[in-house]
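Written out below as structure tokens is the structure these notes cover.
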Amino acid sequence: MSTVWTDAAGDPAQINALTDSGVQVVTVSPSGATTTHSAAADATTRPTAALHAGGGTSE
């Protein structure tokens, strides 16, 4: 699986396009918290107009 890392200002439409293509996207907030977005993620963790900052890590 391919993974793209971006900051929390990443464009939600581009993140969705990447995850829809099977690419995992990890966003990093200014505090260093990460959120992993993937096609398998449910709708509540997919980026919308405002990206979600999480405390998780990627593998």
Side-chain angles (χ1 to χ4, degrees):
M1 173 185 296
S2 296
T3 303
V4 171
W5 290 73
T6 187
D7 61 22
D11 179 31
Q14 291 178 341
I15 292 171
N16 286 339
L18 287 166
T19 59
D20 289 346
S21 297
V23 176
Q24 178 177 277
V25 179
V26 180
T27 54
V28 182
S29 73
S31 69
T34 61
T35 301
T36 302
H37 310 272
S38 65
D42 66 29
T44 61
T45 59
R46 301 240 352 202
T48 58
L51 292 176
H52 303 283
T57 59
S58 84
E59 297 178 17

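With contacts defined as side-chain heavy-atom distances shorter than 4.5 Å, the pair Val25/Thr6 qualifies.
Of all heavy-atom pairs spanning Pro30 and Ala8, the tightest one is CD-CB, 4.5 Å. Closest non-hydrogen pair, Ala39 versus Thr19, comes out as CB-O, 3.3 Å.
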Report the C-alpha distance between His37 and Thr35 in whole Å, list the side-chain angles of each, state the deciding distance to 0.1 Å, and finish with yes or no for side-chain contact (heavy atoms from CB on, under 4.5 Å).
CA-CA 7 Å; His37 310 272; Thr35 301; 3.6 Å; yes
Can Val26 and Val4 be said to form a side-chain contact (heavy atoms from CB on, under 4.5 Å), step by step?
CA-CA 6 Å; Val26 180; Val4 171; over 6 Å; no
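Rounding to the nearest 0.5 Å gives a distance of 11.0 Å between OG of Ser38 and CG of Asp20. Taking CG of Asp7 as the start and OG1 of Thr27 as the end, the distance is 9.0 Å to the nearest 0.5 Å.
The side chain to side chain contact (heavy atoms under 4.5 Å, CB included) check on Ser21 picks up nothing, with sequence neighbours excluded.
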